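See structure below.
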Amino acid sequence: MSDSSDDLPLSRLNHQTVVRNRAEGVVQISDKGKGTRKKMRRASCHDSGSDGEISAMKRKKMKSAGNLRSGHNESAGNKKVIKPKELMRVQRVEQGIAAFEWWNSPDPPEGKAWQTLEHCGMTFEPQYKPHGVAVLYDGVPISLTPYQEELATFYAAMPEDGPQLNVSGGQREIFQRNFWDDWHKVLGKSHAIKSFDKCDFSDISKHLDRLKFVKRAASDAEKVVARELRDDCQLRSGYAILDDHLEKVGNFRMEPPSLFRGRGKHPKTGVVKLRVEPDQVSINCGASRPPPICLELGRSWGEIKHDDTVTWLSTWHENVMQSNKYVMLAANSSLKGKSDFKKFQKAMQLKGCIERVRHDYHKNLKSKDRHLKQQATTMWLIDTLALRVGGEKSEEEADTVGCCSLRVEHFTFHKTGKDVDLEFLGKDSILFKQSIDFAGFDEHGQQAYDNIREMCRSKKKNEQVFELIEPTSLNAHLSSIMPGLTAKVFRTYNASETLQNQLPDAEHVIEMRSIGDKLIAYNEANRIVAILCNHQRTVSAAAATGLEAQAEKLEQTQEQKIAATAAYEAATIKKREANKSKQAEAHRFSKLPDEKDVSRRIDIWTEKIKKLEIDLRNKEENKEVSLGTSKANYLDPRISVAWCKRCDVPIEKLFSRP
DNA sequence: ACTTAGACTTGGAATAATATTG
DNA sequence: CAATATTATTCCAAGTCTAAGT
């Protein structure tokens, strides 16, 4: 690491080639053969597997690097030599990154996130290029300045029935009003355009559609060029060096300006999200390393910081919600991996003292102290229904709630029956709607029910049920039971616990014939977790029609089977008849389908139908459930990997790697 | 003690890449 | 081999939680 070019900023090494030396297992980013050289230990082909705990995490993070080689070995037995797929430049770099065993690397000192950090800052989209297509005002084309046109184009790009705009409560109107407020300001008081209603953006919309069409119709050669450009950008700015190893950066491209798209009934939807320039961006990098060079001609970064207690590389302020945004390392980086590992470790720690925690709130459900009683009741809900804690929100955001912010109006008690309807909009305005049989959950459910009922009494509809409880106080209480325990940990813990319980036993799984059947069993457990966490997705029009088509296909296959069965029966009958009316005539039916042949074909159809049915049922059940979130954030990979090992399922069937 | 800014995880949808099928 | 289905990745909003400020 003493090469002189080591001190060259990453951003300057922009036309380098990346070479992966197979024999030595060395990854180099070399400048035409000489210069910087990053050595990395290569992931060993077969994992040592001794360090039980982490080895599972490690398996999850293992890359196809191993695959490539195993593919090679197999081909040795085969006569034909299968050439490994040629890798793109980006893939080669990322294979090198994946070879780093972060789980075996030492942690930075307490309180520090890193010791050295070098990266390339952010990239920016080119400035707006006017297209000159006019907005019609009262039927008359109006010429606009480039900036005015840019905003008009943002609006024109939004289809009439665009996402989130059909939310009941007139989101389309809010969207338009917010856009008009901002655009009107930019147009100025004396502008010819005075009212939104007379504006017609359809010419711009058509222009944009044409551009989209052209892009879609691009030739293969053009697509290759586009891909090359993207790869160049990725190689130039997409990686960081943290504590002397290469890491992938997550979102190094500056968000382009646009109209803000809040979820649900967001009061700010349609507000102009401004273009952010380099001088509004702060950079965080190691003091001993050269800071990134701003690639925008004649521009520079706003501020250079050297804060080794945080993990962000760049940050800027966003004008719509007044929030900070960050560039961080990618989800599969060592930093995120370690933090992920800690999260699941904490959940395991909760497993060790869950009895104590539950005993605590079970006891307090009957407390005379109002605060304690509310606290215990919220804990019952968080632990049992996997609700989020639910902090307070401002008027400037969509009205969504979590446990602490639940209001009387979200509960519906019925005179008959013990079920309670709980209905509210949670994170991302996703609907939570369940009929809850409190007493059915555990022996404390009845008490929780009584408490909530009592807390709702004598309160107005829009008042909070647990007005004494705030996330901070709830978390403070939890931390007093177990250090570091917060409400969020319960979701992780209960998700992991559910996965563990729902995965079928190995003895049962190992009997399954195909990997496919095993994967269905895993997905089933995954789905139960997703349902617990209320991870939903909307059924797109395309998905709905796809489902219909599949149902039709199933029906067709069934018909074919019926036809085949009929043919089979006809054949047997005729054979029997032939036998009866002497052998002499039997040759007449020699062309009839052979009995065995037909019955084999029926078997094939039966198999096919079975497969289609399973497939369809699976899809139908997954239609509104999103498995991705729970898989990415809640399922402890160690549980999944252990299950795979026991059930003889290759882990890469569950976890793909970039 | 209370409020707010900052930092980081979680989340669904859009989009790109890849696999499968007709 | 093109059309289509499936899967992975990107995007960026929206949560949680800690720490700093007052």
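None of these values were measured; they are calculated from a predicted model. Numbers restart at 1 for each chain; the letters A, B, ... are given by sequence-line order, proteins then strands.
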Distances under 3.5 Å between nitrogen or oxygen atoms of protein and nucleotides 8-10 of chain B:
from: B:dC8; atom 1: OP2; to: A:T311; atom 2: N; distance (Å): 3.1
from: B:dC8; atom 1: OP2; to: A:T311; atom 2: OG1; distance (Å): 3.1
from: B:dC8; atom 1: O5'; to: A:T311; atom 2: OG1; distance (Å): 3.4
from: B:dT9; atom 1: OP1; to: A:S339; atom 2: OG; distance (Å): 2.7
from: B:dT9; atom 1: OP2; to: A:K336; atom 2: NZ; distance (Å): 2.5
from: B:dT9; atom 1: O3'; to: A:K488; atom 2: NZ; distance (Å): 3.3
from: B:dT10; atom 1: OP1; to: A:K488; atom 2: NZ; distance (Å): 3.0
from: B:dT10; atom 1: OP2; to: A:K343; atom 2: NZ; distance (Å): 2.8
from: B:dT10; atom 1: O3'; to: A:Y634; atom 2: OH; distance (Å): 3.2
from: B:dT10; atom 1: O2; to: A:K427; atom 2: NZ; distance (Å): 2.6

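Taking the six-membered ring where the residue is Trp, the centroids of A:H119 and A:Y239 are separated by 6.0 Å or more.
Between A:S630 and A:N526, the side chains place a donor N or O and an acceptor N or O closer than 3.5 Å (distance only, hydrogens not considered).
Nearest-nucleotide positions on DNA chain C for A:F260 and A:G402 put A:F260 closer to the 5' end. Along DNA chain B, the nucleotide closest to A:R230 and the one closest to A:N534 are compared, and the more 5′ of them pairs with A:N534. Two residues, A:S429 and A:E255, neighbour DNA chain C, and the one matched to the more 5' nucleotide by heavy-atom proximity is A:E255. If A:T538 and A:T315 are placed on DNA chain B by their nearest nucleotide, the residue sitting closer to the 5' end is A:T315.
Within 4.0 Å (heavy atoms only), A:K619 reaches sugar-phosphate atoms of the nucleic acid but no base atom. Among the heavy atoms of the strands, none lies under 4.0 Å from A:A398. Among the atoms of the strands shown, none is found under 4.0 Å from any heavy atom of A:K268. Among the atoms of the strands shown, none is found under 4.0 Å from any heavy atom of A:G628. Contacts of A:G250 with the nucleic acid, taken as non-hydrogen atoms under 4.0 Å apart, are absent. As judged by a 4.0 angstrom heavy-atom cut-off over every strand, A:Q536 is placed among residues touching the sugar-phosphate backbone only. Contacts of A:G546 with the nucleic acid, taken as non-hydrogen atoms under 4.0 Å apart, are absent.
Of the listed residues (A:T377, A:T378, A:D383), just one forms a side-chain hydrogen bond (donor to acceptor under 3.5 Å, both in side chains) with A:Y361, and that residue is A:D383.
The side chain of A:S323 places no N or O atom within less than 4.0 Å of a non-bridging phosphate oxygen (OP1 or OP2) of C:dA14. Side-chain nitrogen and oxygen atoms of A:H317 include none within less than 4.0 Å of the OP1 or OP2 phosphate oxygen of B:dG6.
Taking only side-chain atoms of A:K393, from C-beta outward, the nucleotide of C:dC12, C:dC17, C:dA14 with the closest atom is C:dA14. Among the nucleotides C:dG15, C:dC11, B:dT18, the one closest to any side-chain atom of A:E397 is C:dG15. Among the nucleotides C:dT10, C:dT6, C:dA13, the one closest to the side chain of A:K248 is C:dT10.
A distance-only check finds a donor-acceptor pair linking the side chain of A:E247 to the backbone of A:S334 [under 3.5 Å].
A salt bridge does not link A:R275 to A:E125: none of the charged side-chain nitrogens sits closer than 4.0 Å to a carboxylate oxygen. Salt bridge annotation for A:E397-A:K265: absent, with no cationic side-chain nitrogen under 4.0 angstrom from a carboxylate oxygen.
Atom CZ of A:R263 is separated from atom C1' of B:dG12 by 6 Å (rounded to the nearest Å). In this structure, A:R261 places its CZ atom 18 Å from P of B:dG12, rounding to the nearest Å. For the pair A:K653 NZ and C:dA8 P, the interatomic distance rounds to 11 Å; values are reported in whole Å. Taking atom CD1 of A:I382 as the reference point, atom P of C:dC17 lies 9 Å away to the nearest angstrom. Going from atom CD of A:E395 over to atom C1' of C:dA14 covers 17 Å, rounded to whole Å. Summarising the geometry, the separation between CD on A:Q322 and P on B:dG6 is reported as 11 Å, rounded to the nearest angstrom. Whole-Å rounding puts the A:L425 CG to B:dG12 C1' distance at 15 Å. B:dG11 atom P lies 18 Å from atom NE2 of A:H266, rounded to whole Å.
Using a 4.5 Å cut-off on side-chain heavy atoms (C-beta onward), A:L478 and A:F490 make contact.
Scored by the ring pair (Phe, Tyr, Trp, His ring centres under 6.0 Å) test, A:H410 finds no partners at all (sequence neighbours excluded). A:F432 is linked by a ring pair (Phe, Tyr, Trp, His ring centres under 6.0 Å) to A:F424, counting only residues two or more places apart in sequence or in another chain.
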